[in-house]
**Student:** 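The structure follows.
Per chain, numbering begins at 1; letters A, B, ... match sequence-line order.
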Amino acid sequence: MDEDIPSSSQTLPPETPPKSRHHTLDLSNIPPTLILPAHLKPEEQREIEKKLTRHRVPLTTDVSQARVFIGKVGTKRRAEFELRSRKLKVEEVVQAKRDFSTNALGEPPTKRTKIGGTVADSIAHDGETTDDEPASSSETEDEFSGAKALTRPKSPFEVEETAPVPVLFEHAPHDEMVWVVRTDWLNECSDIDRVIPLGKHLVFKGRVVERQTVTKPRKDIKSIFSSSISKITPASQTNLATRPIGRDILDRAQSELSNEASKPKRKPYHTGGHGSRRFEGKTFASSSQQAGNVASQTARLLQQMTSDYEGEDSDIPPPPPWVKKRIKYSCQRFTPASGPNDEFIELLKKIRTARTLIDDQIGVRAYSTIIAAIAAYPYKLTHPREILRIPGCEDKAATLWVEWKNTGKLQAVSDFENDPAMQVLRLFYNIWGVGAKTARQFYYTHHWTELDDLIEHAWPTLDRVQQIGLKYYDDFLSPIPRTEVEHIASIVHQHATRLRDPRATCTLVGGHRRGKSASGDADILISHPDHSATAHLITALVASLEDAGYITHTLTLSLAGTQRSQSVLPFRSTKASGGGFDSLDKALVVWQDPDWPTRSADLAANPATRNPRLHRRVDIIVAPWRSVGCAVLGWSGGTTFQRDLRRYAKVQ
DNA sequence: CTACCAAAGCTG
DNA sequence: CAGCTT
DNA sequence: GTAG
């Protein structure tokens, strides 16, 4: 799915004067229409969207509103499947003859009531609707029910103006109907610029028996998965994990993920403006200025507060030296593990996540800078001016802080957390191996909203690590207590000494080194004074821990260090300074302690007892002796720290 | 107003 | 090889 | 969103 769609005016034939666009075939009165992406190449899907938009078809992506489904659908069975997979229960309605006939031009077009009014209105306000993802659910929530309430004996969704108009989507007053139509129909209509009967292009017509309205509770995921996802590291295995789900789903899902892969190149840093147009006006998106909202109020307040204190800064603490010197690289300053402004920072991080999910990379960067800067500020903030003089922070940061200080929350964060679409995106984004892009794809092009949907429909299309990430979704999300991390580290250490000798060292890095009491994964750094002892140690370690039953899966294995250090030392002074961090061997693995307190008793009672211990994400890093210090730093600092260190090194 | 941007593994 | 993820 |  592309985030931005060209204006419909672009698609007009060159010879057509702008005004006459109203003379092109107007299908604005057909029911809300949804494109079925299955079997459509990205270009094709775009093409269809364009056409539909040009003919002013009320597009929707919301299954609960869609009545017409258009796509490359070969058979009735397929059509039913598409509907069923969208949680739509339907019963087929056999075609009456008149559906194929044309209307007898009874009343003059002008007298015709637009069905429901609201349906047409929903797009009428905007002749230039360019939304790729038309109307979000909240915008059109009630419109169609309004149309339903209108009880004209027979209320076909008539097409106005054009002479004998085929009755396209006829339905009895009280039934909710859906139609599945082949794209050919649209193409033919579009070609001759006239409405033609659906005829053979109507693949399926049905009455809605039940629509899913509330999201059902999630089943126990683990019980659904088949037992085997390959444990082997990806490099050594060519095919995917076994597929537990039936092949009827398989063939569909198979065809669906090929969507975005081969689409036209996007601009390097971000698409279009900041983020997708889909989120224009949302407070958690960029440049959302609604008059009278909290943000602008606090903006004024900020003005006031800062100017009030003009000239005297007696009650704000003296800036730390790095603030004075306007040092902009986080690596040049001391950043404590937990600072006095963490609460505020957590909120900023949420905004940053929101920006990630809406594909606003610039926003992500900007907030990362702000977060890093404030995290390094050693005092509890008391005045907006303090923020203003921190390098990397400006009006926006100060405004947010004032809002937070005054209200105890941030509107942008609340909106983000309450936004239903965002909730779905976050759900998917939390799967290890699924990034923002894929999360959006799951939701916006396939309309999956729960993990169950992925299990049922997407499973075969997920890559190996995503399958693992999904399988252990809950486990990976639960924080690892410090004691457990230490225990894991001690075992890794033990294996390291066994494989080499007792001089092997083990250091906790990452979140735990930074003093957190629990964190998402365990980062363990292994080293050894003998340089030759560290080479290939990672492979041996992983194998050993696998044998011992601790490592259940290897997500990735990176041998960058071993490879590099075998050759020349990366000591090209100035320019090569970028290397260093990543040139260490590392293994990202799934860890499960094979033992638990009542194990023998449990197994005696029931030999099939499952290991109750949670699966943990563990990163094992092997560093050659001379770079342990650097490695500790590298893995303990935040992302911005690392990035800044690279930039800093480049400049010096 | 424009530039900002880590490096490397995995998948298709 | 491009795109995505960590 | 911020810096230049």
Side-chain angles (χ1 to χ4, degrees), chain A residues 42 233-240 254 257-270 273-275 285-288 326 328-329 331 348 351-352 355-356 359-373 387-388 390-400 412 428-429 431-441 460-469 476 510 520-521 523 554-561 563-564 570 576-588 617 619 621 634-635 637-650:
Chain A
T233 173
S236 56
Q237 76 151 44
T238 43
N239 53 350
L240 285 175
Q254 200 85 13
L257 200 76
S258 58
N259 255 0
E260 191 142 332
S262 58
K263 73 177 193 186
K265 272 190 182 166
R266 55 176 53 206
K267 287 183 190 159
Y269 297 126
H270 59 92
H274 283 206
S286 56
S287 61
S288 62
R326 309 231 24 113
K328 57 187 172 185
Y329 298 125
C331 54
L348 293 177
I351 300 184
R352 188 229 258 143
R355 296 306 177 88
T356 305
D359 196 21
D360 172 13
Q361 295 168 274
I362 299 301
V364 171
R365 180 149 299 120
Y367 275 94
S368 298
T369 309
I370 296 174
I371 289 166
I387 296 189
L388 257 12
I390 297 176
C393 296
E394 263 296 315
D395 289 21
K396 185 60 192 245
T399 307
L400 287 171
F428 293 155
Y429 182 63
I431 300 171
W432 202 91
V434 172
K437 185 99 181 183
T438 308
R440 281 195 296 274
Q441 188 137 92
T461 73
L462 300 178
D463 64 38
R464 200 186 63 104
V465 298
Q466 289 170 334
Q467 291 179 341
I468 295 170
F476 288 175
D521 54 11
D523 301 293
T554 303
L555 294 167
T556 69
L557 194 56
S558 163
L559 302 166
Q563 283 171 347
R564 205 166 303 193
S577 44
F581 279 150
D582 296 313
S583 65
L584 305 166
D585 292 341
K586 70 182 166 198
L588 313 187
R617 277 273 309 100
D619 294 0
I621 301 134
W635 257 276
T639 314
T640 308
F641 178 93
Q642 297 188 34
R643 194 164 49 223
D644 281 357
L645 185 49
R646 289 170 218 270
R647 276 202 291 158
Y648 174 74
K650 213 183 280 185

**Student:** Atom CG of Leu462(A) to atom C1' of dG12(B): distance rounded to whole Å?
**Tutor:**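 My rounded result for the distance is 14 Å.
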**Student:** Calculate the interatomic distance between Gln466(A) atom CD and dC4(C) atom P; express it in whole Å.
**Tutor:**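 Gln466(A) atom CD is separated from dC4(C) atom P by 12 Å.
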**Student:** Could you report the tightest heavy-atom contact between Ile370(A) and Ala397(A), atom names first, then the distance?
**Tutor:**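 Closest approach of Ile370(A) to Ala397(A), heavy atoms only: CG2-CB, 3.9 Å.
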**Student:** For Gln361(A) and dA6(B), give me the distance from atom CD to atom P, rounded to whole Å.
**Tutor:**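 Gln361(A) atom CD is separated from dA6(B) atom P by 11 Å.
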**Student:** Can you tell me how far P of dT11(B) sits from CG of Leu555(A), to the nearest Å?
**Tutor:**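 The answer, rounded to whole Å, is 11 Å.
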**Student:** Among dG1(D), dG12(B), dT6(C), which nucleotide has an atom closest to any side-chain atom of Asp463(A)?
**Tutor:**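 Out of dG1(D), dG12(B), dT6(C), the nucleotide with an atom closest to Asp463(A)'s side chain is dG12(B).
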**Student:** List the atom of Leu388(A), the atom of Ala398(A), and the distance in Å for their closest heavy-atom pair.
**Tutor:**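 Where Leu388(A) meets Ala398(A) most closely, the heavy atoms are CD1-CB, 3.5 Å.
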**Student:** dT6(C) P sits how many Å from Arg617(A) CZ, rounded?
**Tutor:**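 My rounded result for the distance is 9 Å.
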**Student:** Return the value, rounded to whole Å, for the distance between atom CG of Leu557(A) and atom C1' of dT6(C).
**Tutor:**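 About 14 Å, once rounded to whole Å.
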**Student:** Over how many whole Å does the gap from Lys437(A) atom NZ to dA2(C) atom P extend?
**Tutor:**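 It works out to 15 Å between those atoms.
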**Student:** Tyr367(A): which residues meet the ring-ring contact (aromatic ring centres under 6.0 Å, His included) condition with it, sequence neighbours left out?
**Tutor:**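 Once residues adjacent in sequence are excluded, Tyr367(A) has no partner under the ring-ring contact (aromatic ring centres under 6.0 Å, His included) criterion.
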**Student:** Could you check which of dA3(D), dG1(D), dC10(B) has an atom nearest any side-chain atom of Lys396(A)?
**Tutor:**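 Selected nucleotide: dG1(D).
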**Student:** What is the distance, to the nearest angstrom, from the CG atom on Asp585(A) to the P atom on dT6(C)?
**Tutor:**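 Those two atoms, CG and P, are 21 Å apart.
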**Student:** Would you say dG1(D) has OP1 or OP2 under 4.0 Å from some side-chain N or O of Arg352(A)?
**Tutor:**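 The answer is no; no side-chain N or O of Arg352(A) sits under 4.0 Å from OP1 or OP2.
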**Student:** Could you work out, with side chain to side chain donor-acceptor pair (under 3.5 Å) as the rule, every residue matching Asp619(A), not counting sequence neighbours?
**Tutor:**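 Testing Asp619(A) for side chain to side chain donor-acceptor pair (under 3.5 Å), a comparison that skips the adjacent residues, returns Arg617(A).
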**Student:** Which listed nucleotide (dT6(C), dT2(D), dG1(D)) is nearest to the side chain of Ala397(A)?
**Tutor:**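 Within the option list, the nearest is dT2(D).
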**Student:** OP1 or OP2 of dT5(C) sitting under 4.0 Å from any side-chain N/O of Thr438(A)?
**Tutor:**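 For Thr438(A), the contact criterion (side-chain N or O under 4.0 Å from OP1 or OP2 of dT5(C)) is met.
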